[in-house]
Every structure is written in C-alpha cells, then in structure tokens.
Number of protein chains: 2
Amino acid sequence: MTKNAPKRAWGTAIQNRDEQFEMKRQVVLRTAARTYSKRGFHETTLAEIAEELNISKPTLYYYFRSKDDILFECHRIAIEAITDDATPLPGPDEANGRERLEEFLKRYVRMVVDDFGTCLVMTGVSALEPENQGTVVEGRRRINDALVDILEDGRKDGTLQCDSPKVTAMFIFGAMNWLPQWYHSDGSLGVEEVTAQLIGFVMAGIETSGSLSPDS
Amino acid sequence: MTKNAPKRAWGTAIQNRDEQFEMKRQVVLRTAARTYSKRGFHETTLAEIAEELNISKPTLYYYFRSKDDILFECHRIAIEAITDDATPLPGPDEANGRERLEEFLKRYVRMVVDDFGTCLVMTGVSALEPENQGTVVEGRRRINDALVDILEDGRKDGTLQCDSPKVTAMFIFGAMNWLPQWYHSDGSLGVEEVTAQLIGFVMAGIETSGSLSPDS
DNA sequence: TGAATATTCGACTCATGAGTCGAATACGAG
DNA sequence: CTCGTATTCGACTCATGAGTCGAATATTCA
C-alpha cells in the first residue's frame, strides 16, 4: 500500500538521520529534565544544559522552540507514561478496586521516580507558558480522576474503605509526589521496596476505617 | 532596671513609629508569601507586590534587603512556628507516641495551611541564595527529625507500628506538604476536618501492619 | 565530485526585572 | 514653628539569560 520497508544496510545498529535527530532530542530532554529537577527550572540556564552536552546554546534551538517548550515536552512525556500506556490500567470488570489501586500505585511510583516524572512533580506548573499550562493541568486532572474512580469503585465493591475518595486521593498523591524529594535510586533502598512500603502504608490506611470523627 | 514602661496616650490602639514599621514589614511578608505561593517565586515581580499594596518598589527596599530576603523571612517564620512554639511539643515522658504523633500532625497541618507555611512548602528551597538555603534546610531537617523520633518512640512504647520510621515520615510529610496544592480554606472543607481525615488516614496506616512483603 | 540540505556555533540583540540614587515629603520632638 | 530623621518614590542603572542571525561545516545522494 504505502512505502515498502526501509531495508537498510548495517541493520538497525547504525541510525539514519531522522533517528539521530530523534535521539538527540531525547538526550536533550533527559538532561534538561534532570537539571530542571535538581536545580529548579528558573535556576537552570540553557547555556548550562548545552555545556553539559558539549554543544552550543543555538544548537538547542535547532531541536526545540524554547526553554518552556523543553519543559513542556518533559511534562508531556511523563503524563503520557501513565495516561496512555501500551498496557492500559485494568478496568472495573477485570479487577477489583483493591487490585486496581495497587496497580495504579505501582505505575505512578514508577513514573514519578523516572527523570520525566520527577521533573513533572518537582518543577511546578507555574513555569510553563499559560497555554501549555492548560494541557498539563488537564493531564494531571485525568490522572487524578483515575485514582478517585478507583477509590470509589473500591468502595462500592467493598475492597476499599475511605469516606472521602477525593481527599484520600490527595493524600496519596501527596505521599507519592514527595518521593523525588528524598528518594534517590542509587541509595540503599530499591524502587521495589519503596513501592511496596508505600502500597503497604496506603492499603493499611484505606482498608480499615479511613477517618476519625472530628472532636470539635 | 532598664527603661520604665512606655505609658503612652491612647493606649495600645494607636501605634508608634517602631510598631508601624514592624506592622508594615509583616504586611509585606504576608502579601509576598501569598503571591509567591500562588504564582511562584520567579513569576512574581517586586513591582507586583508593591502594586498590590499601593506602594512603590523602592519602598519595599526600605523594609527588606532583597527579594530573596523576603522569601527567606517567610520560610523562617514558618519554620519557627513549629520549631520553637510558645507551647513546645509534649516530650516522651508526657505522652505516648501515638498522642505525640497526633499533636505533631495537628500542628504541622496548621502551619502548612497558613500563608507562610504554604510558602515554605510551595516555593522550593532552590530559589533562596545558597547561604539562606542552608538555614532553611537545617530547619526542615529538625522538623523531619522530630517526626522520626516520635515514630521511633511510638514503636518502642508499642503505640505505633511501622517498619521504617524514616520512610514513613517521608510519606507523612508528602501527604501534608501537598495540602496547599489542593486545600483552600474558603472551600467547603474546614481545616479541622482535613486535619482529622489526615490523622485518621495516617493513624490507620500506622497502627496496623505498616508494610507488605515485596513480592519480587 | 559537487550541489543541496542538515547541523552547528560565534557573536550578536533585547526584554526584563532586581536593585540604587537622590530628591521630595511626612512626622515627631523640642 | 523648625529642625532632624523617617518614609516614600520617580527615574534611573545594570546584569542576566532567552532567543536570533548569518556564516561555517558536515553529510547525503546523484
């Protein structure tokens, strides 16, 4: 129908122009994400990023439109990582609330511990230009809604217990979004362990009574 | 010993110069804290803050040394609010771990919901100049240690249960520090309610088994 | 090989916003 | 009232860092 397969010499090991272009873009993004996270968006200059890569500042502009554009891409990648993963989250008919919650947490932690996810939660949304801000906020909202849905479903099917899914979701996101502030993958604690502990913490808090009656 | 009491006309209702000076400083700080939190530190210009107060930019410099200085003061106030409160946190001999944890959470939430506390947790530490950064980080560390201590003591006296106080503390701080991101005191949910829910959530997660064994 | 195109960079421009200066004005004490 | 000091601000300076331009240089393909 369309073009026939590339069929190139040297197999796939040696990249062609387009692939190199894409690779370089990715490298810039990762470097930027890491630096933005570590030093803060505004504290990072494009000159620094360029220097770290041993290229010049104008070269960055060959691959991206602007500094904000780079940040936006980082956020977009992070959001996409959960929003439309190759393997979508199990639906209400495939697993119960508890199981779905656990799966969600696993994914979210994995995302948040990655360079782009870390960038997403560490550089606030306020650095982005207004138009992109909307997109990111929208993405975050979708993720938020997904968790709330899970909590509500879990309450219905009796596998989870919390009196306010919205508030509970916020607590959970808080705990998870704080992860990059203290967790460093090179430390003694592995991602698996942290995830397990977080899940344990959340599950324990959510399987028994989820609230105290306010005493005033 | 020293000077005799002021004994001024009009009582305390009308302020003298020094008091006015101090008041104006406070007003600037609050306004700045709110704006820094809402729009981000770097997105906020001193001109804006001045305009909001119907004063001029140079006037701000009559009260503060620099933009960072203002931010630093906000952080300092927030940290002081818990660190050395008039009524110090109960010690291990006055209350058990569980009770102390509850008290700690109440205070922390109260702090974090206030303008300065919100500013502390929303504007990262990276905006501050390096020297002040140290002070703030140190303050945060003290607060962190306080919670870890409580968790450890609670484990010893059997009123709390978590297998890693450090990690657990991080989860808790995460949940609390996220509060300003979604909680608005003018909404339908009161501070008391949120605090109660948070306490309930944390307590539930911490009184029963605090972890799952990692399955891989 | 050489023309066309993709990639890179040195050397700029330029807007922004923090911070300063010196002059004006308000205020309190004698 | 008048002097000295506290307070305020209009009109600057100035460093910084994002973003641009046009000229090299590299690469591909015929």
Side-chain angles (χ1 to χ4, degrees), chain A residues 3 6-10 14-29 31-32 35-36 39-74 123 126-132, chain B residues 3 6-10 14-29 31-32 35-36 39-74 123 126-132:
Chain A
K3 257 176 255 171
K7 234 191 230 178
R8 56 194 171 180
W10 297 105
I14 273 57
Q15 308 149 327
N16 62 25
R17 276 245 261 257
D18 288 355
E19 282 167 335
Q20 286 221 18
F21 184 88
E22 194 48 43
M23 285 294 276
K24 288 178 183 173
R25 252 181 84 92
Q26 292 301 324
V27 173
V28 170
L29 285 174
T31 307
T35 316
Y36 287 168
R39 316 212 321 120
F41 178 73
H42 289 285
E43 285 73 20
T44 304
T45 71
L46 290 189
E48 282 180 79
I49 294 178
E51 192 178 13
E52 184 148 358
L53 294 169
N54 294 314
I55 59 176
S56 70
K57 188 158 60 116
T59 298
L60 289 174
Y61 282 88
Y62 183 69
Y63 293 94
F64 296 93
R65 243 174 323 99
S66 70
K67 189 185 180 187
D68 307 69
D69 187 32
I70 297 178
L71 179 63
F72 177 56
E73 275 297 286
C74 293
T123 72
S126 51
L128 294 161
E129 40 211 339
E131 138 214 17
N132 291 340
Chain B
K3 259 177 252 173
K7 233 193 231 174
R8 56 193 171 179
W10 297 103
I14 272 57
Q15 307 150 327
N16 63 25
R17 279 246 259 256
D18 288 357
E19 282 167 335
Q20 287 222 14
F21 183 88
E22 194 47 43
M23 285 293 277
K24 288 177 182 174
R25 253 182 83 92
Q26 292 300 324
V27 172
V28 171
L29 285 175
T31 307
T35 317
Y36 286 168
R39 318 211 321 121
F41 178 73
H42 289 286
E43 285 73 20
T44 304
T45 71
L46 290 189
E48 282 179 79
I49 294 178
E51 193 179 10
E52 185 149 357
L53 293 169
N54 294 313
I55 61 176
S56 71
K57 186 157 62 117
T59 299
L60 289 174
Y61 282 88
Y62 183 69
Y63 293 94
F64 296 94
R65 247 178 319 99
S66 69
K67 187 185 179 184
D68 307 69
D69 188 32
I70 297 178
L71 179 63
F72 178 55
E73 276 297 286
C74 292
T123 71
S126 52
L128 293 161
E129 42 210 337
E131 135 215 20
N132 291 340

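Each chain gets a letter, A, B and so on, in the order the sequences are listed, and its residues count up from 1.
Mapped onto DNA chain C by nearest heavy atom, A:Lys57 and A:Tyr62 fall at different nucleotides, with A:Tyr62 at the one closer to the 5' end. Each of B:Tyr61 and A:Ser56 has a nearest nucleotide on DNA chain C; the 5'-most of these lies closest to A:Ser56. Each of B:Arg17 and A:His42 has a nearest nucleotide on DNA chain D; the 5'-most of these lies closest to B:Arg17.
The aromatic rings of B:Phe21 and B:Tyr63 lie tilted to each other, with the angle between the two planes from 30° to 60°. Taking the six-membered ring where tryptophan is involved, the planes of A:Tyr36 and A:Phe41 are perpendicular, since the angle between them exceeds 60° and thus also 30°. The aromatic rings of B:His42 and A:His42 sit tilted relative to each other, their planes meeting at an angle between 30° and 60°.
Across every non-hydrogen atom of A:Leu46 and A:Lys57, the tightest pair is CB-CD, 4.0 Å. Here the closest heavy-atom approach between residue B:Glu73 and residue B:Leu29 is recorded as CB-CD2, 3.6 Å.
Bounding nucleotides for the chain B contact on DNA chain C, 5' to 3', at a heavy-atom distance below 4.0 Å, are C:dG17 to C:dG28.
The residue B:Tyr63 sits close only to the backbone: its heavy atoms come under 4.0 Å of sugar-phosphate atoms, none of a base.
A donor-acceptor pair is defined here as one N or O able to donate and one able to accept, closer than 3.5 Å; such a pair exists between the side chain of B:Glu19 and the backbone of B:Asn16.
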